[in-house]
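The structure presented is a predicted model; accordingly, all values stated were derived computationally and were not measured. All values below come from the heavy atoms of this structure, side chains included, with hydrogens, waters and symmetry mates left out. All chains are named by letter (A, B, ...) in the order of the sequence lines, taking the proteins before the strands, and each is independently numbered beginning at 1.
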Amino acid sequence: MSKKLDDIFTNIVHSRIFKNRELLRPDYIPDELPHREKQIMTIAKVLAPLLQDQRPSNMFLYGLTGTGKTAVAKYVLEKIKTRKEASGRILTAYVNCRYEDTDYRVLASLNEAIGIHVPFTGLATAEVYKRFLNGLDRRRASMVVVLDEIDGLVKKCGDELLYKLTRINTELKNSKLCVIGITNDLKFTEFLSARVLSSLGEEEVVFPPYTAPELEDILSRRVEKAFRNGVLDEGVIPLCAALAAKEHGDARRALELLRIAGEIAERNSQDKVTIENVKQAYKEIEKDRVIEVITSLPLHSKILLLSIYMLQVEMGKKEVTTGEIYDTYKTFCEKIKIDPLTQRRIGDLINELDTLGIINVKLVSRGRYGRTKIIKISVNEKSLKEGLLNDEKISNLLK
DNA sequence: AATCCACAGGAAGTGCTGGGCG
DNA sequence: CGCCCAGCACTTCCTGTGGATT
């Protein structure tokens with residue numbers, strides 16, 4: 001065993017950059033949430049009746065990504081659960097509707113939260129609801145349910161479940177339920193029917209984007225515990241804050257920049273994190289994201305993306321439309337002998353690529369020449385190609 | 001003013017998977 | 001075992017539409 005390998009491990013275990021890098025991870029919830037005191041107080045006030053066995057109002061939390069909604073919600077849940085007065089009679093559940101994105105799965109998670117196991121498929125949704133209702137009532141407790149990224153659920157399944165949950169108190173004899181919905185879609189209310197809106201929107205809490213100085217403050221506090229003393233060059237924190245502030249004040253983004261910059265410095269065996277490292281981190285994050293997203297795409301989406309790439313980059317067309325793309329897509333499918341999907345389906349896949357942020361879709365009407373989508377690649381072309389080439393079938397097509 | 005292109009995107013249905021329940 | 005349920009990926013069929021051209 002060489003001395004050198006020893007050193008590598010020493011480097012990782014005893015980082016000269018980090019003291020505790022866990023504190024920079026996106027799911028870490030700090031003991032204090034600076035610049036969110038107002039929101040925390042508002043939520044606490046609304047939830048307070050729980051401690052006297054009364055049902056609080058339901059709530060809506062609005063704000064863009066990385067503005068602390070999730071952290072604040074989890075923080076408050078934790079605080080109220082561990083209150084002395086609560087003495088175990090307050091149950092909480094946190095459900096991320098991005099992952100639990102059907103009525104069935106949300107109800108299943110709620111069941112899990114109160115200790116009832118339900119199969120992940122097989123039952124009728126109404127049955128899962130009934131089990132939850134009875135189970136909760138039997139526990140004689142108050143429950144706070146946080147539904148994060150609730151817009152995803154509603155857009156997919158409608159607001160039937162929300163309606164049921166907000167009305168559930170009329171069916172509960174011994175328990176109470178309070179719903180907190182979180183969304184980063186500010187126009188989300190358009191998707192809700194009036195009956196849900198009136199009960200869920202009883203209270204609204206808005207999370208404005210963090211300003212650059214606020215981000216700096218948040219970073220500085222975290223840095224003290226996460227990094228060794230004095231390893232950050234002057235200007236590193238302000239730059240991370242500024243870059244993140246440009247992207248709608250996303251604190252998660254700022255922390256990620258800082259962490260990756262630190263990791264780059266560490267890889268290079270530097271003993272300081274420089275401004276240059278932050279800039280590298282910025283590029284690296286974007287590149288990794290693109291490659292990861294593309295690699296995990298299903299085959300047809302990759303062929304589709306390849307078609308867009310061919311038309312726009314290799315053939316230099318500045319405006320690519322659905323029809324053109326579909327034609328090239330079909331010839332690619334022919335080459336590797338697989339059945340092409342219909343244009344209808346491809347239209348949906350194009351929209352999916354748009355929401356993933358890989359391409360940019362604009363609906364235009366060109367008068368006599370019909371209505372179509374104008375599609376543009378919105379990420380670094382090299383990264384995109386690299387992601388595509390990870391797939392053997394795709395790289396064969398390019399040869 | 002009417003036409004008509006090149007699609008958009010809604011609705012409904014199919015076939016399949018993976019699991020109930022009695 | 002047979003039947004039921006939810007969810008997904010996809011197809012078929014369809015109606016809708018903004019605005020340059022007739």
Side-chain angles (χ1 to χ4, degrees), chain A residues 95-112 116-135 147 149-165 185 187 190-193 293-308 311-312 317-334 336-356 358-376 391 393:
Chain A
V95 181
N96 189 325
C97 302
R98 167 135 70 191
Y99 307 113
E100 321 295 338
D101 63 349
T102 63
D103 291 355
Y104 186 99
R105 286 211 272 265
V106 170
L107 284 167
S109 328
L110 294 185
N111 272 308
E112 295 291 341
I116 298 175
H117 181 71
V118 288
F120 72 90
T121 174
L123 295 180
T125 307
E127 172 64 23
V128 186
Y129 174 77
K130 220 169 85 188
R131 289 188 192 185
F132 174 64
L133 179 74
N134 294 334
L147 300 176
E149 308 198 49
I150 197 173
D151 43 313
L153 175 74
V154 172
K155 279 171 199 160
K156 222 180 128 190
C157 309
D159 61 3
E160 196 54 34
L161 177 67
L162 291 186
Y163 179 62
K164 272 190 172 165
L165 286 181
D185 183 350
K187 288 184 296 178
E190 288 171 16
F191 295 91
L192 293 177
S193 59
V293 168
I294 292 177
T295 310
S296 61
L297 244 31
L299 180 61
H300 281 287
S301 298
K302 283 183 186 170
I303 302 174
L304 170 62
L305 201 51
L306 177 68
S307 313
I308 300 172
L311 289 169
Q312 200 188 301
K317 294 202 175 180
K318 46 185 173 2
E319 298 215 324
V320 213
T321 62
T322 309
E324 288 174 297
I325 292 172
Y326 188 63
D327 288 341
T328 11
Y329 161 81
K330 267 197 298 191
T331 61
F332 277 136
C333 284
E334 237 166 80
I336 50 173
K337 297 193 185 74
I338 59 169
D339 293 340
L341 301 175
T342 56
Q343 184 157 345
R344 177 70 186 83
R345 178 69 186 135
I346 289 299
D348 283 344
L349 292 185
I350 288 175
N351 289 341
E352 278 172 29
L353 291 179
D354 182 40
T355 37
L356 284 173
I358 301 174
I359 60 175
N360 215 302
V361 176
K362 218 198 274 171
L363 228 128
V364 290
S365 182
R366 297 180 301 175
R368 201 69 223 253
Y369 308 104
R371 281 178 101 215
T372 187
K373 288 169 180 161
I374 286 186
I375 290 133
K376 266 190 201 156
D391 192 299
K393 289 202 178 90

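Of the possible polar contacts, one joining the A:Asp159 side chain to the A:Ser193 backbone as a donor-acceptor pair under 3.5 Å is found. Checked by atom type and distance alone, the side chain of A:Lys376 never pairs as donor or acceptor with a backbone atom of A:Lys318 at under 3.5 Å. Although no hydrogens or angles enter the test, the distance criterion places a donor-acceptor pair under 3.5 Å between the side chain of A:Glu324 and the main chain of A:Thr321. No side-chain donor-acceptor contact under 3.5 Å links A:Asp103 to the backbone of A:Cys157.
Rounded to a whole Å, the CD atom of A:Glu352 is 16 Å from the C1' atom of B:dA8. Between the CG atom of A:Leu363 and the P atom of C:dG19 there is a distance of 11 Å, rounded to whole Å. In this structure, A:Gln343 atom CD and C:dC14 atom P are separated by 17 Å, rounded to whole Å. In this structure, NE2 of A:His117 is placed 12 Å from C1' of B:dG20, rounded to the nearest angstrom. Atom-to-atom, CZ of A:Arg366 to P of B:dC4 comes out at 19 Å; the value is rounded to the nearest Å. One interatomic measurement links the two molecules: CG of A:Asp103 to P of C:dC8, which rounds to 12 Å at whole-angstrom precision. Here the C1' atom of nucleotide C:dT12 and the CZ atom of A:Arg345 are 14 Å apart, to the nearest Å. Taking atom NZ on A:Lys373 and atom C1' on B:dA8, their separation rounds to 7 Å, with Å as the unit.
Using a 4.0 Å heavy-atom distance criterion, A:Gly323 is classed as a sugar-phosphate-only contact. Using a 4.0 Å heavy-atom criterion, one finds that A:Asn351 contacts the sugar-phosphate atoms exclusively.
Contact of A:Thr121 with B:dG18 (side chain to base): a donor-acceptor pair of N or O atoms is detected under 3.5 Å. A donor-acceptor contact under 3.5 Å links the side chain of A:Arg344 to the base of B:dG10.
Under the 4.5 Å side-chain criterion, counting only non-hydrogen atoms from C-beta, A:Val118 is not in contact with A:Glu127. When side chains are defined from C-beta on, A:Leu353 does not count as touching A:Ile375, because their heavy atoms never get closer than 4.5 Å.
Residue A:Thr322 places no side-chain N or O under 4.0 Å from the OP1 or OP2 atom of B:dC7. Note on A:Tyr104: every side-chain N or O is 4.0 Å or more away from OP1 and OP2 of C:dC5. At C:dG7, one or more side-chain N or O atoms of A:Thr102 fall inside 4.0 Å of OP1 or OP2 (strictly under the cut-off).
Between B:dC4, B:dA8, C:dT11, one nucleotide has an atom nearer to the side chain of A:Arg368 than all others, and that is B:dC4. Distance from the side chain of A:Phe120 is smallest to B:dG18 among C:dG16, B:dG18, C:dC8. Comparing C:dC8, B:dC7, C:dC10 by their nearest atom to the side chain of A:Thr321 picks out B:dC7. For A:Ser365, taking side-chain heavy atoms from C-beta onward, the closest of the listed nucleotides C:dT12, C:dG16, C:dG19 is C:dG19.
For A:Tyr326, the side-chain hydrogen bond (donor to acceptor under 3.5 Å, both in side chains) test picks out no residue, with sequence neighbours left out.
When the local axes at the two ends of the helix from B:dA1-C:dT22 to B:dG22-C:dC1 are compared, using 5 base pairs at each end, they differ in direction by 30° after rounding to 10°.
Separation of atoms CD (A:Gln343) and OH (A:Tyr329) is listed at 11.0 Å; rounding is to 0.5 Å.
Along DNA chain B, the nucleotide nearest to A:Tyr369 and the one nearest to A:Leu123 differ in position, and the one closer to the 5' end is contacted by A:Tyr369.
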Intermediate values then yes/no, salt bridge (Lys or Arg N to Asp or Glu O under 4.0 Å), A:Glu160 and A:Lys164: CA-CA 6 Å; A:Glu160 196 54 34; A:Lys164 272 190 172 165; 5.9 Å; no

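For DNA chain C, the residues of residues 124-132 of chain A within the heavy-atom distance limit of 4.0 Å (strictly under) are A:Ala124, A:Thr125, sorted by number.
Within 6.0 Å of CD in A:Glu112 there are more than 12 heavy atoms belonging to other residues, nucleotides or ligands.
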